[in-house]
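Structure, as structure tokens:
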Amino acid sequence: MADTQQRAGGATSAARPAGPEVEEPRPRRTSTRSRERLLQIGFLVPAVVYMLLFFGYPVVQNALMGFQRYTTRTFVTGEAPWVGLDNYREVIGSSVFTKAAVNTVLFTVGSIAGQFVIGLAIALFFRKRFPLSGLLRSLLLLPWLIPLIAASAVWRWILDKDTGVLNQVLGGLGVTDANPGWLTSTSLALITVVAINIWIGIPFNTTILYGGLQDIPEELYEAAALDGATRWRAFRHVTWPLLRPVVTVVLVLGVVYTLKALDIILGLTQGGPANSTQTIATQSYNLSFQEFDFGQGAAAGNILIVVSLVFAVLYLRANRRALDE
Amino acid sequence: MAQRGAKNRTVGAAVLALTAPLALAACGGSDSDAAAGGGAGGEVTSLTVQDTFVTDPGATYYGELLDSCGQANGVTIERNSVPGGDIIARTLQQASSQTLPDILSIDNPDVGQLAAAGALAPLGELGVTAEGISQGVVDANTFEDELYGLQPTTQSLALFYNEDILTEAGIQPPTTWDELKTAAAALTEGNRYGIAFSAPPTYEGTWQFLPFMWSNGGDETDIATPETAEALQLWVDLLSSGSASESVLNWGQEDVNDQFIAGNAAMMINGPWQFPVLAENPEVKYQVVPLPAPEAGGTVVAPLGGATWTVPETGDDARKAKAAAVVQCVNSDENMVDNALTNSSVPTKAELGEQVVAQDERMQAFVDVVPDLRSRTAKLQDEWPTAATAIYTAVQTALTGGASPEEALQQAQNG
């Protein structure tokens with residue numbers, strides 16, 4: 001327990017390197033040890049500087065911007081008056097926000113649930129070896145490889161209400177002649193966008209979960225089979241418990257990626273029709289880059305960062321627990 | 001000893017790793033200094049230009065025009081074209097790092113934003129005037145009574161119709177809103193809609209709605225008025241009668257043009273920048289007429305489009321003076337006519353309109369509206385983006401049946 005905690009401590013444990021055997025020849029130690037320590041710091045500094053410069057600075061700057069009246073003028077004069085919580089009041093008080101917040105939750109939960117369930121099913125399917133399974137598995141990566149903007153243009157074409165392939169096929173099969181407006185009806189657009197986002201997310205989920213499944217030793221299944229546990233029971237008592245750390249990674253990363261998803265929505269609906277696919281991420285984009293109110297845009301972005309942070313903490317805690325077990 | 005040597009090497013490597021980014025940063029710094037300060041104090045030999053003409057015919061045309069105007073003023077031109085969607089963000093970055101180009105071309109409604117930010121130099125101080133240019137164009141390029149941009153040509157919206165389809169149906173192109181509704185309904189048949197327009201949740205949707213709103217007496221300073229609601233009701237009627245597709249909610253103007261070319265729409269609301277694409281499809285015979293007015297004999301007030309040329313505030317008077325001279329050359333009378341003919345647009349000097357129509361009669365519908373063209377930003381200046389957002393939001397709400405036009409406009413105005 002203590003041992004694992006120290007390992008999880010990461011940077012702090014660097015001060016006490018590699019355990020007992022190093023400590024034996026004490027007298028000559030001090031100068032060598034401080035050299036070693038300097039060296040360790042020397043190797044740490046680039047990473048720390050990089051983190052501070054490219055992660056710390058933008059996050060702090062964004063946090064500050066949320067409290068400032070930051071407009072186009074600020075870029076020229078550098079003046080950004082402090083306005084306290086005004087930006088947050090404006091963003092949260094705007095009529096779009098409630099809708100955007102609800103949409104963000106529905107979009108994230110719907111996408112993650114779909115991506116994970118389908119991704120897991122496909123990963124389990126590919127555990128069985130069959131002819132062409134390798135080829136099929138690599139073809140599955142396709143949605144991941146297509147640039148999102150290209151993918152969304154194709155989807156818009158497929159889903160067009162009057163001339164789209166999907167409605168033509170549905171009409172031809174006699175399923176419906178009503179030509180549903182997949183991207184233009186306020187009741188369908190969010191569901192459509194979630195479905196397309198699931199399509200995009202399946203390769204990621206499948207790849208990571210498949211990797212996790214490969215790590216589960218085959219003997220365990222053989223032993224379980226001897227005890228009479230096959231199929232569902234084998235999954236419930238062997239696969240699931242051993243896959244759990246990977247599942248946590250997939251879910252938390254998925255949530256963070258999905259919360260901030262922007263290009264897919266902009267490419268498909270631009271937040272419309274009538275804000276029915278507007279999320280906090282698209283609202284932040286609109287405020288900053290369409291209305292040039294960078295302060296309010298940053299405020300909306302910060303709300304997302306805080307939500308993501310909550311999930312990041314949950315992830316770290318879950319990881320810690322998995323190590324403890 | 002050997003071990004210590006190895007350690008020294010690793011320390012050395014660590015130090016090298018540390019300092020490498022600094023060295024790189026230093027190189028980057030000196031590089032941009034050279035670009036910004038080139039010719040400072042001394043004679044101006046070259047000017048940097050940033051514009052949004054990334055596609056032809058504009059890309060080639062402006063490249064040649066700028067080179068010849070540079071030559072006439074004794075400078076070479078270093079031109080950089082970026083897509084229209086990126087240019088404001090990029091210019092703001094340049095403003096904060098003091099690497100603004102000497103000449104900047106932007107969409108005219110963005111002048112207010114950049115002028116309010118202090119990123120543009122007032123042209124009056126550089127001896128540039130907008131003599132002879134239509135008042136609407138001057139308004140669009142003016143911020144707080146100072147002229148900031150000189151715009152050679154303008155574009156606007158008109159009604160395009162498929163000649164074959166209208167002749168076959170025996171229908172005259174509509175000139176009033178009532179005629180528009182009747183004609184659109186009569187032309188709707190099978191997979192073909194009577195009319196196509198663009199109403200996405202972007203400024204493009206606002207741009208297409210403005211001629212209806214303004215022609216009916218609506219105003220962007222207060223959109224919750226009966227006049228604007230009537231205009232919005234027209235669009236709602238076109239959709240609910242099935243004369244226009246619900247897909248207008250997601251169509252940009254290019255999509256509208258595609259639908260028109262494919263024969264899925266008998267008429268469309270669009271602009272002359274579609275001429276080159278239409279020309280690639282010679283089997284589609286089309287005509288262009290002014291947009292329908294609310295009542296017979298009414299005036300159509302259409303929004304003024306087109307790119308304008310500005311001189312950013314670089315703080316170097318000699319360079320600004322040269323830049324102003326090049327901008328004036330780009331806006332000379334003969335260049336205006338050439339420009340208009342090459343880029344399917346209308347000269348901003350009304351007196352030059354005839355010369356363009358003489359060579360391209362499709363431009364008549366656009367030349368006619370130039371005196372009445374209205375600037376989007378004249379009244380609200382840098383507050384325009386807020387109003388533009390409210391307008392497209394209301395249009396989307398009303399078109400999806402979320403609220404009546406009156407309520408939708410009121411809600412959108414309240415934010």
Side-chain angles (χ1 to χ4, degrees), chain A residues 32 35-36 38-47 49-50 53 71-79 90 93-96 156-157 159-164 179-187 189 266 268-278 282 286-294, chain B residues 4 7 10-11 13-15 17-18 20-21 85 88-89 91-97 100 113-114 116-119 191 193 199-203 205 245-252 255 259 262 264 313 382 385-386 388-389 392-393 395-403 408 411-412 414-415:
Chain A
T32 328
R35 280 184 75 91
E36 206 163 88
L38 205 70
L39 190 70
Q40 286 161 352
I41 293 171
F43 275 107
L44 265 180
V45 167
V49 167
Y50 177 82
L53 216 60
T71 60
T72 49
R73 204 177 164 70
T74 312
F75 285 89
V76 179
T77 60
E79 290 162 20
E90 287 268 331
S94 76
S95 56
V96 197
R156 276 185 58 185
W157 174 72
L159 297 169
D160 187 89
K161 181 176 155 59
D162 307 301
T163 53
N179 277 1
W182 298 108
L183 292 171
T184 53
S185 142
T186 44
S187 50
L266 290 184
L268 286 170
T269 61
Q270 291 165 317
N275 290 327
S276 58
T277 54
Q278 195 81 252
T282 58
N286 280 339
L287 285 168
S288 289
F289 298 107
Q290 300 296 308
E291 298 188 42
F292 304 116
D293 194 329
F294 296 91
Chain B
R4 175 165 292 187
K7 248 177 209 160
T10 35
V11 172
V15 170
L18 259 174
I88 297 302
T91 306
L92 290 173
Q93 281 168 4
Q94 290 167 333
S96 65
S97 60
L100 281 166
Q113 282 298 325
L114 290 184
N191 288 332
Y193 288 95
T202 62
Y203 296 154
S245 169
E246 217 179 80
S247 300
V248 299
L249 289 159
N250 205 12
W251 278 344
D255 301 312
Q259 297 292 326
N264 296 328
E313 188 53 82
D382 54 329
T386 313
T389 305
Y392 74 63
T393 307
V395 168
Q396 287 250 319
T397 308
L399 290 186
T400 52
Q411 282 169 17
N414 295 344

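In what follows, every chain begins at residue 1, and chains take the letters A, B, ... in the order their sequences are listed.
Residue A:S288 does not touch chain B at all, counting heavy-atom pairs closer than 4.5 Å. Residue B:S247 touches chain A through both its backbone and its side chain, counting heavy-atom pairs closer than 4.5 Å. For a residue to count as touching a neighbouring chain, one of its non-hydrogen atoms must lie under 4.5 Å from one of that chain's; by this rule B:I88 touches chain A with the side chain only. At a 4.5 Å heavy-atom cutoff, the contact between A:T186 and chain B is made by side-chain atoms alone. Using a 4.5 Å cut-off between heavy atoms, B:N250 contacts chain A through both its backbone and its side chain. Using a 4.5 Å cut-off between heavy atoms, A:L38 does not touch chain B at all. Heavy atoms of B:Q94 lying under 4.5 Å from chain A are absent altogether.
Between the CZ atom of A:F292 and the OG1 atom of B:T386 there is a distance of 11.0 Å, given to the nearest 0.5 Å. Residue A:R73 holds its CZ atom at 12.5 Å from CG of B:L92, rounded to the nearest 0.5 Å. Taken to the nearest 0.5 Å, the CG atom of A:D162 stands 8.5 Å off from the CD atom of B:E246. With rounding to the nearest 0.5 angstrom, the CG atom of A:D160 is 6.5 Å from the CH2 atom of B:W251.
A salt bridge links B:D255 to A:R156: one of the charged nitrogens lies within less than 4.0 Å of a carboxylate oxygen.
Remark: A:S276 pairs with no residue by the side chain to side chain donor-acceptor pair (under 3.5 Å) rule, at least two apart or across chains. Remark: B:P201 pairs with A:Q270, B:Y392, B:Q396 by the side chain to side chain contact (heavy atoms under 4.5 Å, CB included) rule, at least two apart or across chains.
Most heavy-atom pairs under 4.5 Å with chain B: of the set A:G272, A:G78, A:A274, A:A189, this distinction falls to A:A274. Note: B:A116 leads B:A116, B:A89, B:A412 in heavy-atom pairs under 4.5 Å with chain A.
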